[in-house]
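Accompanying notes for the structure given below.
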There are 2 protein chains.
Amino acid sequence: MTNIKDVAKMAGVSVTTVSRVLNNHPYVSEAKRKAVIHAIRMTNYQKNINAVHLIKGKTNLIGVVLPYFDHPYFSLVLKGITNQAIKKNYKIVLFQTDYREEREIEALQMLKQKQIDALIICSRATDLSIIEDHLQFGPIVLCEDIKSRKFSTTFVNHYTVFHKALAFLHEKGHRKIGYCIGRTSGTNSHMRELAYREFHEKYHLPYRPEYIIDQCIYFGDGEKVIEKLTTMMDPPTALLVTSDQVAAGIVISCQKRKISIPDDLAIIGFNNEPIAEMMNITTIEIPLMEMGKNLFLQAIDEEISSKEIIVKLIERGTV
Amino acid sequence: MTNIKDVAKMAGVSVTTVSRVLNNHPYVSEAKRKAVIHAIRMTNYQKNINAVHLIKGKTNLIGVVLPYFDHPYFSLVLKGITNQAIKKNYKIVLFQTDYREEREIEALQMLKQKQIDALIICSRATDLSIIEDHLQFGPIVLCEDIKSRKFSTTFVNHYTVFHKALAFLHEKGHRKIGYCIGRTSGTNSHMRELAYREFHEKYHLPYRPEYIIDQCIYFGDGEKVIEKLTTMMDPPTALLVTSDQVAAGIVISCQKRKISIPDDLAIIGFNNEPIAEMMNITTIEIPLMEMGKNLFLQAIDEEISSKEIIVKLIERGTV
DNA sequence: AATTGACATGAAACCCATTTCATAACGTAA
DNA sequence: TTACGTTATGAAATGGGTTTCATGTCAATT
């Protein structure tokens, strides 16, 4: 492989001059510029970008931490991130974690080692304090509503959203409402649970833990939800389902079992994933690509900022 | 930021010794090893990985080129790749191209600049010859059945598969068969078209170009397909649909319009995406995660190899 | 004629870890 | 006693760029 030295020798100039040509710096005579360009052409020379990274202390690489991306929620956020990254000439390094702490640590490690300039954590299992310890090595952006002023964040206020969705169902006459969620840990899940508890207190409804169904992530989990419901003595009449993909699974499972939606069971999905429109599922639209865009911009921004993403209920046929 | 020199000074040894400790090389006395480890602890020292990359000429980064990843086909291949990458301690750099040539070139550029050790191209728009020009800079792995012995490839023989699927429908009595595809360009699409043409010649059936429906990628495109079919004087009685997600969209669209499946329209989907099982769609299963795994292993392998992935028809309710 | 500033150029320092090579001490086999 | 292998250590070269600094030329101002 030819390096800058070879090019300089061939063009009969110093490496400095070659570097100037390479980076469009001024103060190079036209004759030498041409000689350098010619030498670059002849040798098919290309910078070793690692040398540039070393001296600049910057790689134009942004890390993205997420548990899995074969899910519309994360793949749409990721799409928002990458679309923006392309515009700003950054590349994305993917950390698929399955919520395994050691993988999240690996990502933090790469920030510490300067292999990535910043880190976007879409969802995490690791303790916030550990993440905070790595802030000294570069910006870390989070996707949740935390009070720390040390992180930039882009988030949905899931507490308020859940409250509103529950109130909406209450107004429609539902008194037995459950919800399906991906996992019970994590800030967003906690906010939702809090809203759910408070809703039951406010309306003096009995709080039933069995109405909270965990591990609802993929399409096929909808089937499991309905199986669970059919074993209940007193099943809920409405469900909040934190992914439309699961909601769609529920709808299809109900069709098979002749459970009528919304009469026997009302459904509110989340995210307004493409499948929701297709299957006429009432949903809470979260502009995920916009979230991704904002996350990326915060990652490359020096300033620390917080942005709440506003969601809206789209009424369709499942309530 | 502390560097190896600072650590060496603090520990009272040379940088060589620190490097030896860091990399578990032999010939370091226990006393000095302890001193070094202590200094590392005190300073919270971490290698600048870019310096390592520079001297090693290797980054443990693999590039993955794909048009979009919010699609089960690509997200499952990608998942197979990342799962394997984690095991081998590599990281993935994502190039989402939307089939834009300049973005594919960017990925090739990064290979040339040594920012990535190898490149996996899941699907491409760029001419093969341009890609071939970059082989000198590192391994490039393709996901298509090309005859060049210069690339490693993992592929499905779409020609044979299409033939078999068409024969299957023919046996079931179908004489008017169409197909839905993501795009008409690309090796895989060409192979399929060839099989489709030959099928029609073999059975002396009229070849109707309007039975080939392009741009079928997402769930919602199923709706468009059915709209198109309803405008036809003589619509096909069966469709091969190269993604189950689109097939699912077609099924739902048919439900709305009271088109009976498989009586009015038979469907064979592709990939056996999760939705296919849920919706009881007859499909051709492609082990996408396994493909991803193999692609990755080829990317880090010195040897050039080719592997055909074997698919199988899963009979369900749409034929 | 003297000063100033714009343009041009290259040597050398710098970023930071790895690795080769030279050197030395010590123990063991011939 | 000599020769050789093993262990231990660090100086210096290496990977390949960018940037600072010193120096020089030439034209425009004072």
Side-chain angles (χ1 to χ4, degrees), chain A residues 1-40 43-61 109-117 137-138, chain B residues 1-40 43-61 109-117 137-138:
Chain A
M1 288 288 301
T2 52
N3 58 27
I4 198 171
K5 232 171 166 175
D6 301 329
V7 173
K9 204 177 289 173
M10 177 176 281
V13 300
S14 69
V15 294
T16 314
T17 301
V18 177
S19 177
R20 277 198 265 260
V21 172
L22 248 27
N23 299 290
N24 281 315
H25 286 303
Y27 306 143
V28 179
S29 66
E30 202 45 44
K32 300 217 168 182
R33 161 165 277 116
K34 272 186 183 154
V36 168
I37 287 171
H38 183 249
I40 288 172
T43 53
N44 197 16
Y45 165 76
Q46 188 74 27
K47 280 190 215 185
N48 182 326
I49 205 83
N50 293 129
V52 180
H53 292 163
L54 174 58
I55 196 146
K56 297 235 183 193
K58 189 171 181 297
T59 59
N60 273 43
L61 246 34
Q109 205 76 354
M110 276 184 70
L111 186 66
K112 193 172 177 183
Q113 296 183 337
K114 291 163 165 287
Q115 189 163 7
I116 53 178
D117 293 344
F137 306 112
Chain B
M1 285 287 303
T2 52
N3 60 24
I4 198 171
K5 231 171 165 177
D6 301 331
V7 173
K9 202 178 290 172
M10 180 176 279
V13 300
S14 69
V15 293
T16 314
T17 301
V18 177
S19 177
R20 278 198 263 261
V21 172
L22 246 29
N23 297 289
N24 279 316
H25 286 303
Y27 305 144
V28 179
S29 65
E30 202 45 43
K32 299 215 167 180
R33 163 165 276 118
K34 271 187 184 155
V36 168
I37 288 172
H38 183 248
I40 289 172
T43 53
N44 197 17
Y45 164 76
Q46 187 76 23
K47 281 190 216 186
N48 183 327
I49 205 83
N50 293 128
V52 180
H53 292 163
L54 172 58
I55 198 147
K56 296 237 183 194
K58 188 173 183 294
T59 59
N60 273 43
L61 248 33
Q109 205 75 353
M110 276 185 69
L111 187 66
K112 194 173 178 185
Q113 296 183 336
K114 291 162 163 287
Q115 189 162 9
I116 53 178
D117 293 344
F137 307 112

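Numbered from 1 within each chain, the chains take letters A, B, ... in sequence-line order. Computed from heavy atoms alone, side chains included, the values below leave out hydrogens, waters and symmetry copies.
- At the phosphate of dA17(C), neither OP1 nor OP2 sits under 4.0 Å from any side-chain N or O atom of Asn23(B).
- Phosphate proximity of dG10(C) to Lys32(A): present, with a side-chain N or O under 4.0 Å from OP1 or OP2.
- Between the CG atom of Leu22(B) and the P atom of dT18(C) there is a distance of 6 Å, given to the nearest Å.
- Checking the phosphate oxygens (OP1, OP2) of dT18(D), a side-chain nitrogen or oxygen of Ser19(A) falls inside 4.0 Å.
- Atom pair Arg33(A):CZ and dC7(C):C1' shows a separation of 13 Å (rounding to whole Å applied).
- For the pair Val15(B) and Tyr27(B), both in contact range of DNA chain D, the more 5′-proximal nearest nucleotide belongs to Tyr27(B).
- When rounded to the nearest whole Å, the span between CG of Asn3(A) and P of dT18(D) equals 12 Å.
- When distances are taken from the side chain of Leu54(B) to each of dT9(D), dG16(D), dT18(D), the shortest belongs to dG16(D).
- Atom NZ of Lys9(A) has 12 or fewer neighbouring heavy atoms from other residues, nucleotides or ligands inside a 6.0 Å radius.
- When the P atom of dG10(D) is taken as reference, atom NE2 of His25(B) falls 16 Å away, rounded to whole Å.
- Distance from the side chain of Arg20(B) is smallest to dG10(D) among dT19(C), dT18(D), dG10(D).
- For Ile49(A) and dG15(D), the CD1 to C1' distance is 15 Å, given to the nearest whole Å.
- One finds no side-chain N or O of Tyr45(B) lying less than 4.0 angstrom from the OP1 or OP2 phosphate oxygen of dC16(C).
- The two residues Arg33(A) and His25(A) have their closest heavy-atom pair at NH2-O, 3.7 Å.
- Taking atom NZ on Lys9(A) and atom P on dA11(C), their separation rounds to 12 Å, with Å as the unit.
- The listed nucleotides are dT9(C), dG16(D), dA17(C); the one nearest the side chain of Thr17(A) is dT9(C).
- For Ser29(B), the listed nucleotide lying nearest its side chain is dT9(D); candidates were dT18(C), dT9(D), dT9(C).
- Between dC16(C), dG10(D), dT18(D), one nucleotide has an atom nearer to the side chain of Asn48(B) than all others, and that is dC16(C).
- To the nearest 0.5 Å, atoms NZ (Lys47(A)) and CD1 (Ile40(A)) are separated by 9.5 Å.
- Between Lys56(A) and dT19(D), a side-chain N or O to OP1/OP2 separation shorter than 4.0 Å is present.
- Atom-to-atom, NZ of Lys5(B) to P of dG10(D) comes out at 15 Å; the value is rounded to the nearest Å.
- Between the CD1 atom of Ile4(A) and the P atom of dC15(C) there is a distance of 18 Å, given to the nearest Å.
- Applying the 4.0 Å criterion to OP1 and OP2 of dT18(D), one finds that Lys47(A) has a side-chain N or O inside that range.
- Side-chain contact annotation: Lys112(A) with Asn44(B), donor-acceptor N/O pair under 3.5 Å present.
- At dG10(C), none of the side-chain N or O atoms of Thr16(A) fall inside 4.0 Å of OP1 or OP2 (strictly under the cut-off).
- Distance alone, capped at 3.5 Å, is enough to place a donor-acceptor pair between the Asn3(B) side chain and the Asp6(B) backbone.
- Residue contacts shown for Val28(A) are limited to sugar-phosphate atoms, with no base heavy atom under 4.0 Å away.
- Annotation for Gln115(A) and Leu61(A): closest pair O-CD2, 3.5 Å, computed over non-hydrogen atoms.
- Listed nucleotides: dT18(C), dG10(D), dT20(D). Nearest to the side chain of Val13(B): dG10(D).
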